[in-house]
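Note sheet for the following structure.
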Amino acid sequence: MHQVKVGWLVLSGCASLWPNLAGAQFAIGQSVENELLAAGAVVEFVVTVENAGPAVAAPGPVTVTYSAGLEVPAGTTPFPSQGSYDPLLGLWEIGNLQPGAQALLVLPAQVQDGPLPPCVFSRAVLPPAVAQAGDPGQLAFATLRAPGVEACADLFIDRADPGARTFPFCEGEVYMWLPIANRGPDPAREVFVSVSQQPNILPGLVFRDGRCANFGEVSCLLTTMAPGEEWRLLLESAVFKNKTRAELVLGATVSSAVIELDPGQESSSAALSISPYEPCPEIKVDFDSGSIGACFIATAAWGSTLDPHVRSLRRFRDRFLLTNGPGRSLVALYYRLSPPLADYISTRPVARALTRALLWPLVFVVEHPVSLLWLAAGGLWLARRRRSGGTRVSA
């Protein structure tokens with residue numbers, strides 16, 4: 001995509017009018033009279049900006065971008081019904097709009113001769129002051145498609161934002177925010193995001209984002225991404241011990257089931273340096289297959305630091321107990337008392353089974369808090385019903 005540098009402006013979406021979903025007072029739209037892509041064809045794009053609020057207001061400069069394959073016909077100029085348009089900067093300064101008023105910008109364009117991409121389009125964006133970044137309501141597209149082409153997307157994946165957090169008693173985990181966007185004119189279907197690491201040292205690096213249809217997997221499948229949508233997907237590793245500094249490179253790629261307009265922006269990488277974590281005394285858990293290191297009674301009971309129940313308890317500790325003074329005191333007391341108990345439990349199968357049974361109510365509460373609330377509400381309702389049913393009214 002290129003900044004407009006000629007005397008016309010192009011904005012959005014095939015006779016659509018999208019309200020700004022971020023609570024701003026403006027709506028932006030665009031139409032084109034002929035959506036069929038043909039070499040040499042001359043078309044007109046009509047951009048509309050409407051004041052949908054209750055008071056007089058100015059939307060600020062509307063920024064215009066366009067895809068390769070379009071040019072301005074010789075001897076033509078854009079026509080704004082209000083304000084002025086700067087062809088060098090691609091900015092439309094509208095000025096104040098009355099409530100319910102609409103400003104138009106008519107832009108002549110010609111499809112270039114020669115080989116063409118499957119889609120050419122224009123895009124207009126409201127300024128951030130009236131539309132939140134990443135909100136589809138801040139922009140509008142108008143698109144010309146080649147015969148037989150149903151949809152075109154423009155997927156973009158930005159540099160990942162990784163980090164590491166350390167926990168008490170020798171452990172830590174790595175997390176990563178991965179920004180992706182669809183900058184094309186059509187929804188991107190079956191968007192597939194994958195990650196890699198070099199060297200492969202992070203255990204259990206998976207997506208922890210509710211928008212992923214396959215939550216908790218090493219890849220993320222997004223059903224669809226609307227035009228203009230920008231998301232930050234969260235990945236997290238399993239908790240692990242790192243006794244020496246580690247250097248690695250995290251890579252990510254994105255693809256979809258629709259045509260990609262601008263190949264080359266669907267991958268990114270980021271370097272991450274992980275500092276050594278605080279050493280902790282390990283408890284040797286003796287199994288028939290060998291021994292493993294542990295720092296938790298739960299680990300001794302379930303036999304692995306990667307067990308889902310152990311991870312749930314660890315998250316409860318880190319996100320709730322360690323965020324307040326009483327919780328930190330409880331954790332400190334636990335770590336003073338737990339090593340000999342964990343050592344005892346780890347070598348006795350009956351003790352391990354009994355410990356799992358005793359910890360199960362806590363695990364259920366941590367993993368299913370909503371279910372617990374429903375059970376509590378149901379219990380209160382039954383208690384009230386019984387009390388009201390036992391009441392006798394005497395004449």
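Here the structure is a predicted model, which is why all the values come from computation and not from measurement.
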Establish whether [X] and [Y] are linked, either directly or via other cluster members, by ILVMFWY side-chain heavy-atom contacts under 4.5 Å.
X: Phe121; Y: Ile259; answer: no
X: Leu313; Y: Trp360; answer: yes
X: Val193; Y: Leu250; answer: yes
X: Leu362; Y: Val310; answer: yes
X: Leu233; Y: Leu155; answer: yes

Candidate pair Thr253 and Ser194, rule side chain to side chain donor-acceptor pair (under 3.5 Å), full reasoning:
CA-CA 6 Å; Thr253 60; Ser194 61; 2.8 Å; yes

Side-chain donor/acceptor of [X] to backbone N/O of [Y], under 3.5 Å:
X: Ser237; Y: Val174; value: yes
X: Gln102; Y: Thr48; value: no
X: Asn214; Y: Glu217; value: no
X: Asp158; Y: Pro179; value: no
X: Asp186; Y: Cys152; value: yes
X: Asn51; Y: Phe26; value: no

To the nearest 0.5 Å, tell me how far [X] [atom1] sits from [Y] [atom2].
X: Leu202; Y: Met176; atom1: CG; atom2: CE; result: 9.0 Å
X: Leu139; Y: Glu229; atom1: CG; atom2: CD; result: 10.0 Å
X: Ile297; Y: Leu359; atom1: CD1; atom2: CG; result: 7.5 Å
X: Glu260; Y: Glu266; atom1: CD; atom2: CD; result: 4.0 Å
X: Leu205; Y: Gln197; atom1: CG; atom2: CD; result: 5.5 Å
X: Ser269; Y: Gln198; atom1: OG; atom2: CD; result: 11.0 Å

Enumerate the disulfide bond (SG atoms under 2.5 Å apart) contacts for residues 180-260, please, sequence neighbours excluded, ordered by first and then second residue.
Cys212-Cys220

When you compare the side chain of [Y] with that of [X], does any pair of heavy atoms fall below 4.5 Å?
X: Leu222; Y: Met225; answer: yes
X: Ile201; Y: Leu248; answer: yes
X: Phe156; Y: Ile180; answer: no
X: Val56; Y: Pro99; answer: yes
X: Pro54; Y: Gln25; answer: yes
X: Trp92; Y: Pro80; answer: yes
X: Leu178; Y: Asp161; answer: no
X: Val62; Y: Leu91; answer: no

Are there more than 12 heavy atoms of other residues, nucleotides or ligands under 6.0 Å from atom CD of Glu33?
yes

Just jot down the side-chain contact (heavy atoms from CB on, under 4.5 Å) partners of Gln82, sequence neighbours excluded, or say none.
Ile94, Leu97, Ala103

What pairs with Ala38 under side-chain contact (heavy atoms from CB on, under 4.5 Å), at least two apart in sequence or on another chain?
Ala41

Compare every heavy atom of [Y] with every heavy atom of [X], then report the nearest pair and how far apart it is.
X: Gly100; Y: Glu50; result: O-OE2, 4.0 Å
X: Ala160; Y: Ala270; result: O-CB, 3.6 Å
X: Ala188; Y: Val258; result: CA-CG2, 4.0 Å
X: Pro147; Y: Leu37; result: CD-O, 4.1 Å
X: Gly216; Y: Arg208; result: CA-NH1, 4.4 Å
X: Leu105; Y: Pro78; result: CD1-CB, 4.4 Å

Excluding Trp177, membership of its hydrophobic cluster (Ile, Leu, Val, Met, Phe, Trp, Tyr; side-chain heavy atoms within less than 4.5 Å) reads Tyr175, Leu234

Got a sec, which hydrophobics cluster with Val206, joining ILVMFWY side chains under 4.5 Å apart, including via others?
Val218

Step by step, work out the side chain to side chain contact (heavy atoms under 4.5 Å, CB included) result for Glu230 and Asn182.
CA-CA 7 Å; Glu230 298 179 9; Asn182 177 14; over 6 Å; no

Does this structure show an ion pair linking Arg232 with Asp209, if we count only N-O contacts that are shorter than 4.0 Å?
no

Residue pair Thr223, Arg189: steps toward the side chain to side chain donor-acceptor pair (under 3.5 Å) verdict:
CA-CA 6 Å; Thr223 305; Arg189 295 178 287 102; over 6 Å; no

For Val120 and Thr143, run side chain to side chain contact (heavy atoms under 4.5 Å, CB included): C-alpha distance rounded to whole Å, both residues' side-chain angles, the deciding distance at 0.1 Å, then the answer.
CA-CA 6 Å; Val120 297; Thr143 310; over 6 Å; no

Evaluate the criterion side chain to side chain donor-acceptor pair (under 3.5 Å) for residue pair Glu190 and Ser256; output intermediate values, then yes/no.
CA-CA 5 Å; Glu190 298 179 27; Ser256 78; over 6 Å; no

Kindly list each side-chain donor-acceptor pair under 3.5 angstrom involving residues 110-117, sequence neighbours excluded, with atom names and distances?
{"unit_1": "Gln110", "atom_1": "NE2", "unit_2": "Gly40", "atom_2": "O", "d": "3.2"}

